[in-house]
Asks: 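First the structure, then my questions, so here it is.
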Amino acid sequence: MLWLKAFHLIVVVSWFAGLFYLPRIFVNQAMATEPAEIARLKLMAHKLYRFVTPISWLVLISGLWLWLGFGFSGGWLHAKLFLVFCLFGYHGYCGKLVKQFAADKNTRSHVFYRWFNEVPVLMLIAIVILVVVKPF
């Protein structure tokens, strides 16, 4: 089970790296004016989203395997699972934004995406506290 825990942590870190960087690409896309820069950022966003999506599934599979293997329970777990569920929604919404940018249909400013970029940071802080401290 320790190998599974290590694997789970590795894919979680990888997934979060993508969730941290993809909205930063959105910030740059919302500010871009040069056609070559816009095309490059669209490609970067598309490739990053395609890369982190399978990683998110590995997070889900390894997390479920850990849950079934260790039988975790408690209020902290319900809160953590809710936040993980929200992260999957965030990930899916990022995919929708990638498609909007690809179709040149973005309607939001770079300021929105700067705030949007902070969501996974706050969720990561909350999840780590829930898993380590188990406050309830």
Side-chain angles (χ1 to χ4, degrees):
M1 273 306 179
L2 291 178
W3 284 102
L4 180 58
K5 272 187 184 180
F7 177 76
H8 182 68
L9 287 173
I10 291 166
V11 293
V12 166
V13 168
S14 300
W15 185 37
F16 268 99
L19 291 179
F20 290 158
Y21 189 52
L22 190 56
R24 292 302 306 164
I25 295 174
F26 297 156
V27 170
N28 292 322
Q29 282 181 297
M31 293 173 38
T33 56
E34 298 294 322
E37 180 185 15
I38 293 168
R40 179 177 44 82
L41 291 167
K42 284 180 185 180
L43 181 63
M44 288 172 63
H46 175 74
K47 285 186 174 188
L48 180 59
Y49 187 75
R50 275 190 36 216
F51 179 76
V52 297
T53 298
I55 292 172
S56 71
W57 287 104
L58 292 173
V59 168
L60 180 65
I61 292 165
S62 62
L64 286 172
W65 193 355
L66 282 168
W67 185 18
L68 294 173
F70 283 104
F72 296 117
S73 64
W76 68 271
L77 181 63
H78 293 98
K80 179 208 171 210
L81 291 175
F82 173 75
L83 291 174
V84 170
F85 178 76
C86 291
L87 277 171
F88 274 94
Y90 181 89
H91 180 103
Y93 188 65
C94 283
K96 179 180 176 183
L97 293 172
V98 167
K99 289 178 184 174
Q100 284 181 353
F101 274 108
D104 295 320
K105 293 184 178 178
N106 175 51
T107 58
R108 294 193 169 95
S109 73
H110 67 95
V111 175
F112 169 82
Y113 294 110
R114 288 180 194 279
W115 285 103
F116 182 72
N117 187 51
E118 301 306 321
V119 171
V121 174
L122 297 173
M123 288 195 180
L124 176 63
I125 291 168
I127 289 170
V128 168
I129 289 170
L130 287 167
V131 170
V132 174
V133 178
K134 295 177 179 64
F136 46 89

Asks: Filter on side chain to side chain donor-acceptor pair (under 3.5 Å), then keep only pairs touching residues 63-83, sequence neighbours left out; what's left?
Replies: none
Asks: Verify, without hydrogens or angle tests, whether K134 (side chain) and V131 (backbone) share a donor-acceptor contact under 3.5 angstrom.
Replies: yes
Asks: Determine whether a donor-acceptor pair (N or O, by modelled atom type, separation under 3.5 Å) exists between the side chain of T53 and the backbone of R50.
Replies: no
Asks: R108 and A30: which non-hydrogen atoms are nearest, and at how many Å?
Replies: O-CB, 4.0 Å
Asks: Given R24 and R114, is the side chain to side chain contact (heavy atoms under 4.5 Å, CB included) satisfied, shown in steps?
Replies: CA-CA 7 Å; R24 292 302 306 164; R114 288 180 194 279; 3.7 Å; yes
Asks: Out of curiosity, L64 CG to L81 CG, how far, rounded to the nearest 0.5 Å?
Replies: 8.5 Å
Asks: Measure the CZ-CD distance between F20 and E118 for me, rounded to the nearest 0.5 Å.
Replies: 9.0 Å
Asks: Kindly check if the number of other-residue, nucleotide or ligand heavy atoms within 6.0 Å of CZ (F136) is above 12?
Replies: yes
Asks: Is there a continuous path of hydrophobic side-chain contacts, each under 4.5 Å between heavy atoms, that joins I127 to L60?
Replies: yes
Asks: By the definition ring-ring contact (aromatic ring centres under 6.0 Å, His included), identify the one residue from F101, F112, Y21, W115 that meets it with F26.
Replies: F101
Asks: If you take all heavy atoms of G69 and M1, which pair is closest and at what distance?
Replies: CA-CE, 3.4 Å
Asks: Under the side chain to side chain donor-acceptor pair (under 3.5 Å) rule, what pairs show up with a residue in residues 8-17, not counting sequence neighbours?
Replies: H8-S62, W15-H91
Asks: Can you tell me how far apart CG (L43) and CD1 (I38) are? Round to the nearest 0.5 Å.
Replies: 14.0 Å
Asks: Can you tell me how far apart CZ (F16) and CE (M123) are? Round to the nearest 0.5 Å.
Replies: 8.5 Å
Asks: Could you walk me through whether Y113 and N106 pass side chain to side chain contact (heavy atoms under 4.5 Å, CB included), step by step?
Replies: CA-CA 11 Å; Y113 294 110; N106 175 51; 2.5 Å; yes
Asks: Look at the side-chain heavy atoms of Ile, Leu, Val, Met, Phe, Trp and Tyr, link any pair under 4.5 Å apart, and say whether L122 and V13 land in one connected group.
Replies: no
Asks: Are V133 and V12 linked, directly or through intermediate hydrophobic residues, by side-chain heavy-atom contacts shorter than 4.5 Å (ILVMFWY only)?
Replies: yes
Asks: F88 and S56: which non-hydrogen atoms are nearest, and at how many Å?
Replies: CZ-O, 3.3 Å
Asks: Would you name the heavy atoms of L83 and L130 that are closest together and state the gap between them?
Replies: CD1-CD1, 3.8 Å
Asks: Mind listing the closest non-hydrogen atom pair of G18 and P23 along with its distance?
Replies: O-CD, 4.3 Å
Asks: Tell me the closest heavy-atom pair linking L22 and C94, and the distance in Å.
Replies: CD2-CB, 3.6 Å
Asks: Verify the cluster assignment for V128 and L9: are they in a single hydrophobic cluster under the rule of side-chain heavy atoms below 4.5 Å apart?
Replies: no
Asks: Hey, what do you get for CG (L87) to CG (L19), rounding to the nearest 0.5 Å?
Replies: 6.5 Å
Asks: Can you establish whether the number of heavy atoms outside F116 located under 6.0 Å from its atom CZ is more than 12?
Replies: yes
Asks: Looking at F82, I'd like to know if its CZ atom is crowded, meaning that more than 12 non-hydrogen atoms belonging to other residues, nucleotides or ligands lie closer than 6.0 Å.
Replies: no
Asks: Enter the distance from R40:CZ to I25:CD1 here, rounded to the nearest 0.5 Å.
Replies: 9.5 Å
Asks: Are I10 and L66 joined in one hydrophobic group, where the rule is that I, L, V, M, F, W and Y side chains link up if heavy atoms are under 4.5 Å apart?
Replies: no
Asks: Kindly check if the number of other-residue, nucleotide or ligand heavy atoms within 6.0 Å of OH (Y93) is above 12?
Replies: yes
